[in-house]
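Here you go, one structure.
Bear in mind the structure is a predicted one, so any value in this text is a computation, not a measurement. Quick note on labels: first sequence line is chain A, next is B, and so on, each numbered from 1.
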Amino acid sequence: MSVATLATPRSRWANLLRTRELSTLFILLAEIAFFAWYLWPDGGGRHPFVNAENGLLILKYSAIYGIAAVGASMVIISGGVDLAPGAVIALTTVILGHQYLESQWSLPASILAGLGVGVLAGGLSAALVVLVRLPPFIATLGVMGITRGLAYIVTEGRFFDVSARIPPKWAPLGVPLDWIAPIVMVVLMVVFHLFMRHVQAGRAVFAVGGNETAARYTGIRVGRIKTMVYVVSAVLAALSGVILVLGQGQGKADLATGYELDIIASAVIGGASLSGGRGSVIGAVLGTLIFGVLRNALPQIPGATFYDRLIVGLVVVVIVVVDQLLARRQE
Amino acid sequence: MSVATLATPRSRWANLLRTRELSTLFILLAEIAFFAWYLWPDGGGRHPFVNAENGLLILKYSAIYGIAAVGASMVIISGGVDLAPGAVIALTTVILGHQYLESQWSLPASILAGLGVGVLAGGLSAALVVLVRLPPFIATLGVMGITRGLAYIVTEGRFFDVSARIPPKWAPLGVPLDWIAPIVMVVLMVVFHLFMRHVQAGRAVFAVGGNETAARYTGIRVGRIKTMVYVVSAVLAALSGVILVLGQGQGKADLATGYELDIIASAVIGGASLSGGRGSVIGAVLGTLIFGVLRNALPQIPGATFYDRLIVGLVVVVIVVVDQLLARRQE
Amino acid sequence: MPDLMSALAFEDVSKAFGGVKALRGVTLSVAPGDAHALMGENGAGKSTLMKIAAGIHRPDSGRLLYKGQVLDLVAPRAALAAGIGLVHQETLLFPNLDVAENIFAGHEVRRGWFVDRRAMHARSAELLAQLHLDVDPATMVSRLSAAQQQLLQVARALAFHCEVLILDEPTTSLTDSEVDHLFAVLELLRSRGVTLIYVSHRIPEVFRLCRTVSVLRDGQHVGTWPLEGKSAHDIVRAMVGRDLETGHGQGKVGEAVRLDVRGLARHPHFRGVDVQVREGEIVGLFGLIGAGRTEVVETIFGLHRPDEGTMRVDGESFAPHAPADAIRRGVVLQPEMRQSQGLFFNLPISENLLLAREAARNGWMRQLGRERGECEALLTRWGIKAASIDVPPDSLSGGNQQKVVLAKWLATAPRVLLLDEPTKGVDVGAKHDIHHLIRQEAALGMGCLVVSSDLPELLALADRIVVLKQGRVQGEVPRGATEEDVMQLATRAEETDAA
Amino acid sequence: GGSAPDPAAPKMLRFAVIPKALDIPVFNYARIGAERKAKELGNIEVIWRAPESADQLRQKEVLESFISQRVDGIAISCTNGDFLAPVIDKAIAAGIPVITWDADAPTSQRMAYYGVDDFKAGQRLATEALTALGNKGKVALMTSLGAYNLQRRLDGVNDILKQQPGITIVETFDVKEDIVRAGEVIATATNRYPDLDAWISVGGWPIMTRNALEPVDTARTRVFSFDTIPPAPELLKAGKVHTLVGQKYFGWGSEAVRLLAEIKAGRMPPQKIIDSGVDVVNRANVDQYLTEWNKLERGQ
Ligand SMILES: Nc1ncnc2c1ncn2[C@@H]1O[C@H](COP(=O)(O)OP(=O)(O)OP(=O)(O)O)[C@@H](O)[C@H]1O
Ligand SMILES: Nc1ncnc2c1ncn2[C@@H]1O[C@H](COP(=O)(O)OP(=O)(O)OP(=O)(O)O)[C@@H](O)[C@H]1O
Ligand SMILES: OC[C@H]1O[C@@H](O)[C@H](O)[C@@H](O)[C@H]1O
Ligand SMILES: [Mg+2]
Ligand SMILES: [Mg+2]
């Protein structure tokens, strides 16, 4: 085997890996370019879509999904799926609101209580998947019901108006609230990307998702790895909930209803395979941005109100189809 | 190989098969017994839960899910999953309403148009799964968006009041409208149960779900089998939509939102495995009845109002866990 | 010139997978009624050629002639309809269906619209009995052992009544007696005029069954010869292109007991198992199908908890809760099924090689840069033929995949190496390499416990052989024993059971 | 199950009070009103029930379940009145009195409706806006597709606005009953239409937190919204909102229970449609409104 033959396929594979995230990035940029062109202001002047403020807006709202997608994509890579993030987000906002307003806890303590929701929900999912060996879909569907159910029980249809006690221009550590969500999202994305690539436990997630039996025979502690991904997923969902309640000012049981499907779709658009073993944290976050841009830009197009569901559906299909075709080309 | 050794495992297996559906039936009966006891009227008199009218009610509403669950469980057995049924139901009600009221088609023609929605949606799902080889989750998620999106575009948030043109006591072929849904559900359940157990194409669905490569190599036309299950699933969802619009009188875009998860959960409670190859049409229908009884009985328990979601979540988990434990015992 | 006298002929057939040229202009014909062996090293293209005949792959160029007619196979279905059946090298069964349904999947016996279950069960029972496979047609396939599954795949092919029956390494999990039963059936088929194509790495079997042999090397047809008058030596030379010395190469067995297993039991699979392996020693573990060998080594590896018994590694008590514990103590297992238990097809070879070691290591950061060098060294040392360390293992031939699995374990520098069918489906060259490497590792002081259904292999490799029957140790034979000695131990037990 | 019967006490009346959904905050006050009134009247038990999120089919199923258990009365806020009408009629045929509140089912036999006339209320909201805007400007509308009463309000709003040539409606946004989505839409549209003159929302999504309206520059863009539940009045005082149109939230519940009790006592409501009227709250009267509200909340 000569060094020459070695070089070609290595860089091809490395390319492929990189391409997978690059291609998601490319789609995102294409999408942005499209809307930049489509929404170009007729008379010149300020561009309604391409401006710093709007960029921040997209990031801020996408982060609610994006932070949760970091964990959800890890679950998918491990060969599972997590349907609970939306409900965990909601219960976190409710518990935080309840502790802060009703139980008069301090804000940090209330935030910890909110994150505790993530630990418990993730622990329950993990227990059901690892110990009872339920299929992840049904285990997390159950946890989704239980979590959201608790949120309804605590609120009884009311909401906790946290905005009453958080000053509107509040800037913890000097960072404006609006910046926090995007920053947290990017930091988590980088940290967990490195984790999945360079840390043994992260590599093991790929192994477990690729071939669970082989992972067991290889001495990987499959149970621990799975427990880890479900707990991380739920804790990040809870973190997203914390940011949601601080940013939006409300703890409410119906928040983030149905977001789990958007989050899963984002991860898949970003290259994750629902049969496990493949995916990327960065890709998943980029996936949420692709949807975030849609949610932001569609309302800017007069008359699009009734079309947004269709467009989102079409975008999901088209992106994944194009991706599939590109992947086949490359083979 | 003696006859004795031959008899034991075969009948054991046969038992197992039967048990799987029997155990779902048992859970349903236990649930009914529980509510019969819990809701026993104090002063005697009419039982609020155990009465013919209420039984019909449960069947009538469960059938909306149950009819779709017949097809959805076939998709699951084939190793896929269908997230589109709820949206297909909605688009069917809308198209039927539109053709009947706006386009002034005859009722049978409008019904056919409604069922056509199923054919098209199922065909699209099948094309994406079979030809483009998208993972079923993402393919049907896309179809769900497209279908529901079209429903909103057609209605623009309004609805078609079909009831205006259907006489209130309308009884096609002498069958009262309320009876039609349960009858259709039971007939479909029996027909597709026989199909899946005794017809070659039905057996092939199990083979495809069990090992797709092996199925292809043994000469099973995997593409056709998959196409069949996605089309059947969508057509049955459309049929459920037809029954919904005729029975309830409205074609509206937001009908049956989120029902896909209930339908999948029903199939799983009824013994289907989301990794494919296992499941039962009868089990899936019984699963929808388990949820139907909950939806009917919980409103009869005054304090339960905010506990619904929790109870449903717990029920899913408990049933599947118990089932798993029983299955392990038997091994 | 098309050979009108052939049952099946390939004309200038080529096939590439991406950059890999699996077949390069193969022209080869098989006479009707022949028992034709197809041999070649791992990755030579045998399975690819056979899959073309079975309609699974379509050739990139060239054509297929069947009874003198050009045959264009668009799907497996078409091949079956034409009367060409293939027993696949890989296990391709439906774990969720019972034995009868597996046999008839896609070709169910029907009565009117409905599947005739009774008829299928009756017919299945016949087929199974022919192969002396003692399982009920209603048993779920997931409950069968690897060997039973392999025989079941044969039974399925028999059900089709093919005119040309191709068997791609059908005996890799089988011991001699099962092979005997299988060959009896194949002889019968041949006497009825069925053309057999037999792919195998087991040279004695080829001599027993076949009349003609064709050899492929690097995707090209080397030649076709009548077997009459040929020696094993000739065939190996044709396949490998060189001579292989068949040295027994006895290593030196030390005094220290590396692995000491006493009274190990896991019901109902085995009980009272005593095995000692010394440093530098290679101990064979032999037994008939379902004797419980796999269960024993998996239990030692910590995959299952024993019900009774004690284990020691280098004199210290050893009770692993999970493979990770065993690996940390230097006890590793190369599992029986490399595809499902040994490899990650979603990950590059480099990960496959190092995951085990990294999972057992205490540190948690990976040094991907340094690892590359190690992986490339492993590739060279084991002579693994791969495009690079960055391709996933599905692009490798079976033998090379097996070497990856072995290399991954030796990369952990174990003290006790448990091997379950280390040369399953591996070509003579690779087998030779693997034996050589096992001996080399043992010589460094490692203790090896080798499970193999290939008795000649065990006799050549092991310092002594422990014979297992129905989960109990029947005795052991020292180096230099004959096949008869071993089989006697196994069959003696059978006679006492029958009594 | 159930409570122990006391033969001496008069028979307990079980009234099912059904909002559109459990997750819509305005209904919480209706629940308080209903339970308070039940306690006040004595022998009444309120069963508060609805689907978690607005789903007209599930609401119908709940309604039917109450018919088959023969509650003594039903008060319902209809997600879709036409859709429920046949079942409401069925209840009445079964001898169960039904009244509607908040959202009516005009085509049914319901014995009374207590609430606003949604079309007129929408007109009123739009009129307030027109006055403030001087009959001209760019406005954005906000609704949630699906609920019939919201559709009627929207129709009312449009009815008024469309008559004004000076008014441009830039878009009608659907926020899907999701307040996070409402916040996102407001922020996006504010960025898109910096010269927007007004927001008109037919439901309370923008005014349930301080955060949703944060991006809106109130010096430029005025906000007109349905609903006055907290913290809306405070937002108004802080200048974030121009005018609110409120409903009789406590009254939805208390009137519903009272009407049912009356019917059970044989006294039919004097008229079928009891227009609760709206509370138009603006800078001038917000303090007074808050005083009233606090009284109501304390149950006075
Ligand atoms: N589906 C595939 N995709 C990519 N490469 C493949 C595929 N199938 C086979 N190959 C490659 O083609 C070559 C021939 O493989 P083939 O399986 O035919 O070998 P073989 O002679 O059957 O080997 P073995 O004795 O190990 O079974 C090998 O290099 C193999 O890696
Ligand atoms: N998945 C399974 N389910 C049920 N029984 C099994 C399973 N695998 C093996 N067995 C049974 O356990 C016993 C021991 O099997 P084991 O695989 O350890 O035998 P072995 O000696 O390695 O033989 P083989 O050559 O089949 O691998 C046998 O009776 C076998 O039939
Ligand atoms: O938040 C939404 C709510 O808005 C109210 O104005 C309306 O009366 C309710 O029915 C509900 O739709
Ligand atoms: Mg091969
Ligand atoms: Mg074995």
Side-chain angles (χ1 to χ4, degrees), chain A residues 39 45-46 48-49 51 53-58 60-62 64 89-90 93 148-149 151-152 155-164 166-169 177-178 244-259 292 295-306 308-309, chain D residues 19-32 48 50 52-54 140-143 145 168-195 205 207-215 229-232 234-235 238 240:
Chain A
L39 294 168
R46 182 169 174 281
F49 176 72
N51 64 66
E53 208 178 309
N54 199 44
L56 178 59
L57 203 59
I58 294 173
K60 168 177 143 188
Y61 280 95
S62 300
I64 297 166
I89 290 174
T93 69
R148 198 167 295 276
Y152 275 97
T155 53
E156 297 205 330
R158 290 166 298 151
F159 63 90
F160 294 107
D161 179 16
V162 178
S163 72
I166 293 181
K169 295 263 171 251
L177 213 48
D178 279 3
L244 178 62
V245 68
L246 296 182
Q248 305 288 333
Q250 229 184 49
K252 194 156 177 290
D254 65 329
L255 288 176
T257 296
Y259 286 18
R295 274 197 320 278
N296 177 282
L298 289 180
Q300 308 208 18
I301 298 173
T305 299
F306 299 110
D308 62 355
R309 289 175 183 82
Chain D
K20 292 201 297 200
L22 296 179
D23 60 10
I24 299 176
V26 287
F27 295 126
N28 183 46
Y29 304 98
R31 180 171 165 224
I32 295 172
W48 179 260
E52 281 143 22
S53 298
L141 309 186
M142 179 178 287
T143 187
L145 297 177
T168 331
I169 299 171
V170 297
E171 186 67 306
T172 303
F173 295 105
D174 168 21
V175 298
K176 309 178 172 89
E177 290 279 3
D178 178 343
I179 60 140
V180 178
R181 181 69 186 143
E184 190 172 12
V185 162
I186 289 168
T188 308
T190 299
N191 173 62
R192 169 79 166 97
Y193 307 105
D195 54 345
W205 316 282
I207 45 83
M208 287 184 207
T209 65
R210 285 150 190 79
N211 306 51
L213 288 174
E214 222 212 294
I229 62 168
E234 279 172 50
L235 289 176
K240 294 303 284 183

Which atoms of D:P230 come close to chain A, meaning under 4.5 Å heavy atom to heavy atom: side chain ones, backbone ones, both, or neither?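 Backbone only.
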A:S62 side chain near D:E184 side chain, heavy-atom distance below 4.5 Å: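 Heavy-atom side-chain distance check fails, nothing below 4.5 Å.
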Top contributor to chain A interface from D:A50, D:P231, D:A21 [non-hydrogen pairs under 4.5 Å]: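 Of the candidates given, the most pairs with chain A belong to D:P231.
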Shortest non-hydrogen contact between D:T209 and D:L235, atoms and distance: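 For D:T209 and D:L235, the tightest heavy-atom pair comes out as O-CD1, 3.5 Å.
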Side chain, backbone, both or neither: which part of A:F160 has a heavy atom under 4.5 Å from chain D?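 For A:F160, no heavy atom lies under 4.5 Å from chain D.
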Need one label for D:E234: side chain, backbone, both or neither, based on atoms under 4.5 Å from any heavy atom in chain A.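 For D:E234, there is no contact with chain A at all, as no heavy atom is under 4.5 Å.
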Can you tell which of A:Q300, A:R148, A:Q248 has the highest number of heavy-atom pairs within less than 4.5 Å of chain D?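 Result: the option with the highest number of such pairs is A:Q300.
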Taking NZ, NE, NH1 and NH2 as the nitrogens, is one of them in A:E53 or A:K60 under 4.0 Å from a carboxylate oxygen of the other?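 Salt bridge flag = no for A:K60 with A:E53.
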Side-chain donor-acceptor contact under 3.5 Å, A:R46 with D:N191: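 A:R46 vs D:N191: donor-acceptor pair found between side chains.
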Could you tell me which portion of D:Y193 (side chain, backbone, both or neither) has an atom closer than 4.5 angstrom to a non-hydrogen atom of chain A?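 The side chain, not the backbone.
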Is the shortest side-chain N to carboxylate O distance from D:D23 to A:R158 below 4.0 Å?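 Salt bridge: no.
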Contact class of A:L56 relative to chain D, heavy atoms under 4.5 angstrom: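 Neither the backbone nor the side chain of A:L56 comes within 4.5 Å of chain D.
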Are the side chain of A:N54 and the backbone N or O of A:F49 linked by a donor-acceptor pair below 3.5 Å?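 Judged by distance alone, yes, a pair lies under 3.5 Å.
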At a 4.5 Å cut-off on heavy atoms, which part of A:I301 comes close to chain D: side chain, backbone, both, or neither?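 Backbone only.
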Can you tell which part of A:A164 gets under 4.5 Å to a heavy atom of chain D, answering side chain, backbone, both or neither?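 Backbone plus side chain of A:A164, per the 4.5 Å heavy-atom cut-off to chain D.
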So which of D:L145, D:D178, D:I179 has the largest heavy-atom pair count under 4.5 angstrom toward chain A?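 Result: the option with the highest number of such pairs is D:I179.
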Considering all heavy atoms of both residues, which atom of A:I89 and which atom of A:A256 are nearest to each other, and what is their separation?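 Scanning both residues, the minimum pair turns out to be CG2-CB, 3.8 Å.
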Under 4.5 Å heavy-atom distance to chain A, tell me which part of D:A212 shows up: side chain, backbone, both or neither.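 When you check distances to chain A, no heavy atom of D:A212 falls under 4.5 Å.
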Given a strict heavy-atom distance threshold of 4.5 Å, which part of A:I58 is in contact with chain D: side chain, backbone, both, or neither?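 Contact with chain D is absent: no heavy atom of A:I58 under 4.5 Å.
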Name the region of D:E171, side chain, backbone, both or neither, that has any atom closer than 4.5 Å to a heavy atom of chain A.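 Side chain only.
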Note, A:E156 side chain near D:R31 side chain (heavy atom, < 4.5 Å):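 Yes; the side chains approach each other to less than 4.5 Å.
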State whether A:D308 and D:K176 are salt-bridged, where the test is any N-O pair (Lys NZ or Arg NE/NH1/NH2 against Asp/Glu carboxylate O) under 4.0 Å.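 Judged by the 4.0 Å cut-off on N to carboxylate O distance, A:D308 and D:K176 do form a salt bridge.
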